[in-house]
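Reading through the structure tokens given below for one structure.
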Amino acid sequence: MLDIKFIRENPEKVKEACQAKKEEVDVDRLLKLDKKYLRLLQKTEELRHKRREVSKKLPKKGTAPKYSKEELKKYEEETRKAKEERNKLLLEVPNLPAPDVKFGQSELDNEVIRTWGKKPDFGFEPLDYLVLAESLDLIDVKRASKVSGTRFGYLKNEAVLLEFALVNFALATLIKEGFQPVVPPALISEDSMLGMGYLAHGGEEETYHLTRDRLYLTGTSEQSIGPMYKDEVLSEEELPKRYVAFSSCFRREAGSWGKDTKGIFRVHQFDKVEMFAFTTQEDSIKEHDYFLSLEEKLVRTLGIPYRVVKMCTSDLGNPAARKFDIECWIPSQGKYRETHSTSCCTDYQARRLNIKYKDKNGKKHLIHTVNGTAFAIGRTIIALIENFQEKDGSILIPKVLRPYMEGKKKITKE
RNA sequence: GGAGGAGUAGCCUAGUGGUCUAAGGCGGCGCCCUGCUAAGGCGUUAGUCCCUUUGGGGGCUCGUGAGUUCGAAUCUCACCUCCUCCGCCA
């Protein structure tokens, strides 16, 4: 959520941002609703003041100057409605892009800012990860579709060991960097989900909503880590507060019918190790760059070729002010595909969640939030299988993961 | 799921229809006294919104929402959360 005061004072900037993000929000209507609300609020407060004056005098003098209870009630009701209407629209207003983010119309305007690693030269026709994984009995989507439907998968055997190796490797690396490990709830309240700003602009479509219990399944642990400090005031000394979370993630993939239908690249449920930080206003961009550097370090240590893409305005998403993706090389597709993403959400999430920090002078500010992928397990396993396949159909395990897999070097048929 | 209890400012707590415009303690902050494992004294210490001539004025918030009343922290109802016990359960 943006600051309504900021919108009142800078309507043109906000309109520009909506346009740049390709999100249709009627800012003029919002301001009109806001004015209406303020007018009603003033009248309501006036009547309440009158009520207080009346009830103060009454017990002493016994005479009651008249104020209309019905009138107050009417105004209170109208004020409440006007506020509700205004807030509904206010929540739709996206965060402003950071100054260094390029204006762009679509993902075609995203900018590749760095490419790392040599694409493997196999000397044979590389196979698709699913073919390899099925022949090695690592992934089973056929039976998963029997049990659960489309877009699900079983990870089996060494793929499972790989998952836990990746988790342990990420945890070890990030704990060394001062991150606190956490396993968060995968079900969160409607309030928490709203606070993270993922329900606006059709976001509701993307999430599993358990209406009977009024809970949402989280699409990423960002959604359960952010609200941890809802309505709290942290002190500046404890910032940045960094978490590394492991959780299953659930996504309806409603807007991606027909896209990546094969295998486990795009599924309704996957596990992810996620980084999250609460920072000061001054440090959030620095923290965001740091998150990107950690993501690169993790991928580099595995040895997967990748590139870094800086998102243009239209590809930022609602809460983000700035966003990078890491795309890993997928040989069978001859393409880089997204495996990591890191966003700086400035105070957009914190305002809604009411998370603040006290600076050295005791002054309170809204906190800034930064999130980023450490490993999206499924996609990382895909990249590993594809890039480290050998001619005989076996898979070489990256050195750094071997200690977590009892020294195993290779996944082979035997 | 059932029975009982509780929810008051950062934390702990007082409070039974109108001086509650919420007392006190702890913690924090400032100053004073002192002078070495310190102790004490004085003061200060919630958030949020609106208006403003920038002096200030006003509203709301005692878990949340409704109700009763001229007036609600206080009475009524519903809901939420936590605690205790019971039931079920990995």
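Computed from a prediction, not measured in an experiment: that's the story for all the values here.
Taking atom C1' in both G28(B) and G10(B), one finds a spacing of 9 Å when rounded to whole Å. Taking the C1' atom of each, A66(B) and U16(B) are spaced 22 Å apart, rounded to whole Å. Between U8(B) and C62(B), the distance separating the two P atoms is 11 Å to the nearest Å. The gap from the C1' atom of C83(B) to that of C32(B) amounts to 45 Å, rounded to the nearest Å.
Where Y37(A) and E45(A) meet RNA chain B, the nucleotide closest to each residue was compared, and Y37(A) sits on the side nearer the 5' end. Ranked by how close their nearest RNA chain B nucleotide is to the 5' end, H49(A) and Q42(A) are led by Q42(A).
Within a 6.0 Å radius of NZ in K102(A), more than 12 heavy atoms belonging to other residues, nucleotides or ligands are found.
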- nucleotides 43-48 of chain B: protein proximity per nucleotide (B base, S sugar-phosphate only, - neither; heavy atom, under 4.0 Å): ----SS
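Base orientation of G87(B): anti, since the glycosidic angle falls outside 90° of 0.
K241(A) forms no cation-pi arrangement with F278(A), by the criterion of a distance under 6.0 Å to the ring centre and an angle within 45° of the ring axis. Judged by the 6.0 Å distance and 45° axis criteria, R337(A) is positioned over the aromatic ring of F265(A).
Side-chain contact check for F6(A) versus V14(A): some heavy-atom pair is nearer than 4.5 Å.
Across the protein-nucleic acid pair, L72(A) atom CG and C60(B) atom P stand 9 Å apart, rounded to whole Å.
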